[in-house]
Structure formats: C-alpha cells, structure tokens
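Working notes, beginning with the structure itself.
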Amino acid sequence: MDPGDPAGDPAAGTRRCTGQDPLLLLQILQTLWSTRERQQLREEAWRGFAALDDPLAGLLDMLESSRGRRREGPSLEAWISHQLQCWLRAQPHPGPAQHSPRLEQLQARAVRVLTESPLSLAAPLASIFQLQDVDRSCLLEHVHRLYHEGRFREAVMLGTTLKLQPELDVEKMSVPLLLQDKVALVERYVAGFPDLQRRLLALMDSWCQPGFDIKDVARQYPQVASLSLEKLSPKVLSRQVLRLQERFGMVPALCPHAATQQRLAALQHLCHKRFMEKSLSQENWADHVQGLVGQSPWLQEQLSQLLASLRDPGTATQCTPNPLLPEDQLPATVAAELGQLQLQGRAAEADSKPDVKEVKDRHYQLPIPRENVYLLASREDLARHEGALLQPQQVVAVDLEWTPVFVAGGRPRPSLLQVAMEGHVFLLDIQALTQPPAGQGARAFSQLVTQLLSDPSITKLGYGMAGDLQKLGTSCPALAHVEKQVLGGVDLLLVHRQMRVAGMPTPGVDGAGGLRGLSLLVQQVLGTTLDKTQQLSNWDRRPLCEEKLIYAAADAYCLLEVHQALCREPARFHLSGDLAGSQRPRHRERPGTEEPPSLQDASASAAPRQVPVAVTEATIPQVPARAFRVVCDNMLQGLARSLRCLGVDAQVLRSSEDHRRAAESSLQLVHSCQLCQAGSGNRTAKDGAVGGQGAEMVPASASLSCKSNLQIARLEGRIILTSGQPYHTLRAQVGAGRCLLVDGSLKAQQQAKAVLRHFNVRVTHADIFSRCQACNGDQYLKVSTDMMKQLMRLSGHQEGPRTSGDKATQSQERQEPGPAPEEAPGGCTHDRPCRWLQAADLCAETPDTLANGTRLQLARVPAGVLRTPGLQHFYCCSRCGKVFWDGSHLGRVATHFQDVLESAPGACEPSPAPSPASSSF
C-alpha cells in the first residue's frame, strides 16, 4: 500500500466521512467548466476547498483521478491547482508542519503527479507543496528525461520553476534554445545566478570568435526544430552578448570576441561613410579607425581586406594613414600607389579638398558673419553673454555635439551645446565649463541652461530635443532630467513627421540611400543639404578647429531658418498655422521610449492626441464615407479593417496578387467617377506619403508587383493605398490623386485618420459598422436571439469557442459572460436597418447555410452570448456568414474616431418586427 496515498490512510477515510469528497467536487467543477460559467466555477471551487478536511490531499486526489486525460494548454486541473494556491494565500489553512512525515508523504505524491503532468501544473504544485525543499534527484531526473526527449523548452522552464539551475549544466540546457533564437528564455533561466550568467556569456562570446562556424554546433542537435542560425551570425550575436553583459553588470573583459566583432562592424560603417557616402573627412576617418584597429592583427587584416575591395586603389591610398597598417599588410595595389605618391612628394596632400565654391553651391551655408559665432568656455564668457541668451520673447535653436562611441560600454559625452538666435550663435564648451564638476563654471553653466529651457517666454527649437537633453543630463548631474523641465519647446522632429503624414514630397532624394533626419528636413524646406563631414568628428579634441566651429553653428542656425519658413508658409508644407500645435506624439521606435510631455506645447498637451489634418479641407470636395472606395496592399490589412469599420469600401489584395491589378480599376473610371474627380482635383502636390516619408524609387524587378493594384483600381475606380516600393510606378500609371503611400509604422487607426483627412472623407455615426470588417460586404440579415438559439441547436453548435472572457477567468479575473468586444457591427445605440432573416433564406438540408451558399459562422458564437440579458438580435453578413451582435465596440470605435466623425448619433429608426417565418423551425 502506498504510504503517500490517502486511500491507505484510515484517518483520511474518517475525515472524508465528515468533509466533502474531493472527487465529487471535481465532478461539480467539470460540469461548470464545460458550460464556461467562470464566476460560478470560482465560487464553487472556493466553497469546495473550504469544505475539504485536507485541501492538499484533496487536490492530489483530484489530479490523480484525472491522470491520462491531462493535456498541454489551459485545463481544469491547472485551473484548480492555481485556484487552490490563491485560496491558501487569501485565507491561510493550517497544513502539515514543515519536515513532518505527513508533508513528506504529500510531497512524494506531488512529485509523482508533477512528473506525469503538463508544465502548467509545475508552478502551483511547487508553491503549494514546497517542492524546493524535497529530494531533488527525482525532479532532476525528470528534467533530464524531458531534455533527452527533445523537449528542451519544457526542461528549461521546469528547471527555472523549481530553481534547479545550479545543479544543471548551463551550456547543455542553453545551447538548444539559443539555436532556436530563444535568448529571452535562456536569460530568465540564468536570472539571479551570477556564476551561470558568466558561463552563459563566455559560451556566447566563444561563438563570436573569428572562424567559428555555428553550423558545427547545430549538427550536434539534430532533434532541434526551427533553427534560427541566421540570427546567430557573429554580428547579430555580438550585439546580444554585449546587451546581456550590460544587463548582468559583467565586466567588458568577459566578452572580448563580441567586442572585436563590434569594432569590425564600426570599421565597416566608417569605411562606408568615407568611401561610399564620402561624408567623412580623412582626418576624422583616420582618427576613429586608428582607435578601433589598435594592435589587433585580426582587425588589421580585416581593414586590409576592406581597402582591397575598393575598386579604385588610389582612393584607398589617399584614405590610408600610415600608422594604421604596416606596409607589408597593405594590399599590393594600395602599397604600390602609396609608394609612388611618397616618391613624388604628394602623399601629404593626397586628400585634396573640394572646390570651395562647389561646396557652397551644394550645401547649406551659415548666413551670418563668422564674428557673430561666439565660443563660451569660461564662467566669465557665460556672464558676458547671459543677457542675450536669456532675453525673453525670443526664438532660439538648441543643438548638441558629442564624440561617437563605437565600443561596448561606452556612453557618448556631450562636448558642445549650440544656442542659435537671430544673427548670432553661441557655442558653449561643455568640456571646459564642467571641469571641475563642482566648480563655479559648472554651476553657472547648469543654472543658465536650466533658466533657458524652463522659461516659457523663450521658444526653444530642436530636432530630437529630448534625446539631446537626456545625453546632457547623463554627463552633467545638475541637469539630470532637464528634458522634463522644458517649457515652450517645439521639436521640429515631430513637425517633420507631420509633413510626412501629409505626403510631403522629397525632391531629388531617393528613399533608399537618400537623406534622413535634419538633413532631409533642410532639403525639403530650404532646398539645400547640410554638410555632414564633421558629424563624426572627435569633438573632445581641443582646440576646436575652424571647420568644426562653423559646422556646429550651421547645424543649429538652420533650425531657425526652417522654423521661419514653416511659419511663413504652413499650407505649403501641409501644416496648421500653429506650428507647436502641429506636433503629434512620437512613435515608439524602441520599446519603452516615449516623448516626454514637457516638450509639447501647453495647448497641444491639453488637446486630444490625434493624427493632425493632412490637408486643408476647404480645398477638396467632401466625399461621403460610403462612396469612398480604396484598394489596399496586403501589408495594410489593419488599415482596410479600420476603414471598413467606418463604412469605407476597402478591398485588400491577397498575398498571391500583385499591385498592378489594383491600379487597373483606377484608370477605367478616372473621368466618370465623381469620387475620382473629388480625389484628383487640386491634388498634384498630394501624391506623396500619408504618414510617411516620400516613396522610394522602384527597381525594375519590383515593377511586376504592381499588376493587381493596377487592375482593381482601373476596373472599380478605387484609390490605391500602398506601403511598399511600387508607389512611384503606380502613381505614374493612375495619375494625380489616385495613389497614396501610407506610413507602415503607424497604427491602423492613425493610418485611417490620415487617409480620411487627406481625401476629406465625411464620416457619420450611421456609417460605423455599415460594412463587414471581415469581407467588406454591406448586406446584413437580422436574426432574433430565439432563432439564433434554434439555428445553433439544429446545426449542432451547442457550445461556441472559448472567448477572451474565459481566458481572463483562467487568469483569476472576474468577467461576466457576454459578447467578445470585437464583435459588434450595429453597436448598442442604434439598430442597423436591414431585413430580418426568413426561412426562405436558409437551405432546408443545412439550416446554417444561406440560399446563396454562404455558411453562417455559428461555431464562432460563444454560448454565453446567447444568455446576455437584453440582447435581442444578431446580424449575419450575407457575403461571408460572419455573425455580429450588439456590444461595447460601437462606443469604443466612436471614441477612437471622434475627431473624424461629423455628427453625433441620431435617433434610431424602428426596425420591422420579426416575421412569423423567423421562428418556424
């Protein structure tokens, strides 16, 4: 007889005579589980736990009786175990004493149950029965068994749950998961164990060494499925290693190979800047490359190969500083060219400077005299110019320069703060002013900067101002979090994104290798480009040369001229008159990064967050939402659903269709369709991007992908919405105003608002859910709740799928049964005008199929919806059969799109009463 089995314990049988039988409780819970009455299920479970004489033994009885029926995923057994864990925490129940024979018996049974159960039971059983204190040999054996069966993820997760990591081989457990790109799971596995973290980093760093082939490791694990070896290249893996090194707080010396790979990536980037873009001077290139290569023979060899790959050895020779590589390591062509230049005495002047006039014609030039640029390097300099810097009611531009950092663990330190105002530029030497950190100069610098940024009467211009000020705060402790103190700030980066939303064209710039950031903004507004040859300079080197001073002054002063041009002609750039109000919240380019609210204008902060108007509505005829017809490419399915939600006829290309088919329908009706005339009138300047930068040029190989868009647009008179490269090709074929480029980084609702504003589409509350979001159909059939019950019963759909409410219940959240929030075409405040479902509309042989062959999607209707109080009818899409019902989604949609809805919802028109035939089944 098993000493751990309560069936062999006479005392247990006596207790069950007075308490509730655990197996009877299990039967009750199984019945409620099948009906998905989660709230009642939880209440019954907690009452049952309280009625058990021994809840711990009762749980094991229930789990053992379910042996063989358990499966992965949500299960009643896992739910009961978790509920008992919560019940014990809420009202502690006296249990067996620690290390008592009774507890040891229960633990032995719990271990047997755990080894035969899915992973979902591990955490609650470990907590309830204190399995961390039991003999770990049985648990380790189970983990090893999972591992040898190829269930690596389960083995690692179980070892993590039971805290078995110190007794397991970290390399053995981690390698299969790393091969599948499950770094996050491995990171959790070693969390809290510094020794394991060091060993993991050493392993991953060894994969970054030169000549290592990850395929050699993969061959040792043939049972590993879905290998992600492309994500384990030295370049990608080194970034992961250095990220973990910083996260774990380990010394950089622990990851030498990853640091070398990082230096190689930086070396390739600098060579691209110098040789391809030609945006880096030889002095700056040599300075950075010398620091990266150092005395590493391998990096010297890599630099030699990079130079040898250049088509013009003379160019490489001109950019090769002698100290970088020994002459015997230079490529033969480069060495020969260098020797010839040295013999001719021209090596020192090989890097000839371009013609000054050519530079002036090509790049933005500082429009003020050189004597109006002041370098402030002492407390006395600050005091002398404090009045000009803090003069109220002025507009100043703020910028920052720092030396780039290419090695792991480095942080860029700001070196120069530029403040430009009308006619003058002040360059504040941060390096000189903040030394010593507690000196008078540092205090005067911090006070002046704080006063300048916090004065609301002074308008501060910047481009990515928050990031600049955060860097300033990290190097100057007195200015920590200074970005949150900014008042009266206008970030032209946000304004620039507004211009992209409006489809601002980018003349002379191709999307792939063209300008970016501030350079692109200056090109678009002022018609010239910024000279960025000094951008990657060593700004910590003193004294600052004349070229750096002029570059820094121009980098700040151009913001003033851009701001003046935008304020002078906002309509030309598709902006509102209030430039500060044109700023919108920044997109999250990285998880966890947001634009601080302090950089928003006070009035803009108080206003609802919304995508701004892209065009002036008065210049374009208004188009009713139900008359607006678009075709979206496969990457804009979310946008199509959002537009359908507002009544727009939005067709989506299938993944097998190409874009040219969509454009075919645009040309067919371009002259006869009133919508087309409204969309093309006065719109030559609007054929740019909605929500994004101007479109990229399309290579010849990409032109074939336009066929589907072209055909649909021509045949049906639709506007083409695309987020892909074929934009230019499509626009050229369908004409002005017929094709828009949508920013794929925006959320679907933001994209929809930008499109509606761009075409001046009129949307009312009556348009909401007038189309099926799934298939774009606009014909519904109304079904009474009683008929819906009959249809589900006759079709064998007594139970629908589990809803999100059920899942929430499994997470211990109380939720009343009801409609899934996304299923509500008609909303709860008006009745969709449509015909009631008749018996003649259904096939006699298959009650769930319409006469037109469409099968109603009854299996997707949760059973709990049919019991929702007050729900009187459903809607069925006659095209795809999707079933909808009234819920809370209408209110949410109206709230999300309230800034584009024209009028409030009106009174509901009474709908016809159900026909007698509706309930004749």
Side-chain angles (χ1 to χ4, degrees), residues 152-153 155-157 159-160 165-166 168-221 224 226-271 288-289 291-303 306 404-412 589-593:
F152 305 112
R153 176 178 171 274
V156 166
M157 294 183 67
T160 304
Q165 297 98 314
L168 295 169
D169 188 333
V170 64
E171 179 175 345
K172 174 183 175 181
M173 301 300 292
S174 303
V175 169
L177 297 180
L178 293 176
L179 293 175
Q180 300 176 78
D181 192 34
K182 298 185 183 298
V183 181
L185 183 57
V186 177
E187 187 176 344
R188 290 197 298 271
Y189 178 76
V190 300
F193 297 93
D195 183 59
L196 299 184
Q197 292 171 351
R198 282 191 290 270
R199 290 160 62 184
L200 174 64
L201 282 178
L203 168 67
M204 297 176 68
D205 183 71
S206 68
W207 292 0
C208 298
Q209 60 184 313
F212 182 84
D213 190 353
I214 191 63
K215 293 180 182 178
D216 296 336
V217 178
R219 294 189 193 98
Q220 304 173 24
Y221 297 87
V224 175
S226 63
L227 295 176
S228 299
L229 299 184
E230 68 279 358
K231 296 185 178 180
L232 291 176
S233 65
K235 183 176 181 179
V236 177
L237 186 61
S238 63
R239 288 200 295 263
Q240 289 279 22
V241 172
L242 296 173
R243 179 186 65 83
L244 292 178
Q245 174 258 319
E246 183 176 358
R247 178 177 177 83
F248 296 154
M250 302 294 176
V251 294
L254 192 62
C255 313
H257 299 304
T260 300
Q261 291 291 341
Q262 186 190 41
R263 291 173 181 268
L264 174 60
L267 193 63
Q268 294 168 339
H269 172 71
L270 290 171
C271 287
H288 291 305
V289 170
L292 289 171
V293 172
Q295 302 301 317
S296 169
W298 184 75
L299 285 176
Q300 291 177 353
E301 179 183 355
Q302 296 301 310
L303 176 60
L306 285 172
V405 177
F406 299 105
V407 295
R411 290 288 183 271
E589 298 174 353
R590 299 182 180 90
T593 60

Would you indicate whether the side-chain heavy atoms of His288 and Pro404 approach each other to under 4.5 Å? yes
Does Val156 reach the side chain of Leu168, with side-chain heavy atoms less than 4.5 Å apart? no
Closest approach of [X] and [Y], non-hydrogen atoms and distance?
X      : Y      : answer
Pro256 : Asp205 : CD-OD2, 3.2 Å
Val241 : Cys255 : CG1-SG, 3.6 Å
Lys235 : Ala265 : CE-CB, 4.4 Å
Ala258 : Cys208 : N-CB, 3.9 Å

Show your reasoning for whether side chain to side chain contact (heavy atoms under 4.5 Å, CB included) applies to Gln268 and Cys271. CA-CA 5 Å; Gln268 294 168 339; Cys271 287; 5.8 Å; no
Check the orientation of Trp207 and Phe212. Use parallel for under 30°, tilted for 30 to 60°, and perpendicular for over 60°. parallel
Is there a donor-acceptor contact under 3.5 Å from the side chain of [X] to the main chain of [Y]?
X      : Y      : result
Gln180 : Pro176 : yes
Gln245 : Met250 : yes
Ser296 : Val293 : no
Gln261 : Pro234 : no
Gln220 : Val217 : no

Does Arg153 CZ have over 12 foreign heavy atoms under 6.0 Å away? no
Are more than 12 heavy atoms, taken from residues, nucleotides or ligands other than Glu171, located less than 6.0 Å from that residue's CD atom? no
Return the set of residues passing side-chain contact (heavy atoms from CB on, under 4.5 Å) with Lys172 (not counting sequence neighbours), or none when no residue passes. His144, Tyr147, His148, Asp169
Between Leu299 and Leu303, is a side chain to side chain contact (heavy atoms under 4.5 Å, CB included) present by the stated rule, with each step listed? CA-CA 6 Å; Leu299 285 176; Leu303 176 60; over 6 Å; no
Measure the [atom1]-[atom2] distance between [X] and [Y] for me, rounded to the nearest 0.5 Å.
X      : Y      : atom1 : atom2 : answer
His269 : Leu267 : NE2   : CG    : 11.0 Å
Leu185 : Leu178 : CG    : CG    : 9.5 Å
Arg263 : Gln302 : CZ    : CD    : 14.5 Å

Using residues 186-196 as the side-chain source, report each donor-acceptor pair under 3.5 Å to any protein atom, sequence neighbours left out, with the distance given to one decimal.
{"from": "Glu187", "atom 1": "OE1", "to": "Arg243", "atom 2": "NH1", "distance (Å)": "3.4"}
{"from": "Glu187", "atom 1": "OE1", "to": "Arg243", "atom 2": "NH2", "distance (Å)": "3.3"}
{"from": "Glu187", "atom 1": "OE2", "to": "Arg247", "atom 2": "NE", "distance (Å)": "2.4"}

Name the residue from His257, Arg199, Gln240 that meets the side-chain contact (heavy atoms from CB on, under 4.5 Å) definition with Met204. Gln240
Derivation and outcome, side chain to side chain contact (heavy atoms under 4.5 Å, CB included), residues Leu292 and Leu270: CA-CA 10 Å; Leu292 289 171; Leu270 290 171; 3.5 Å; yes
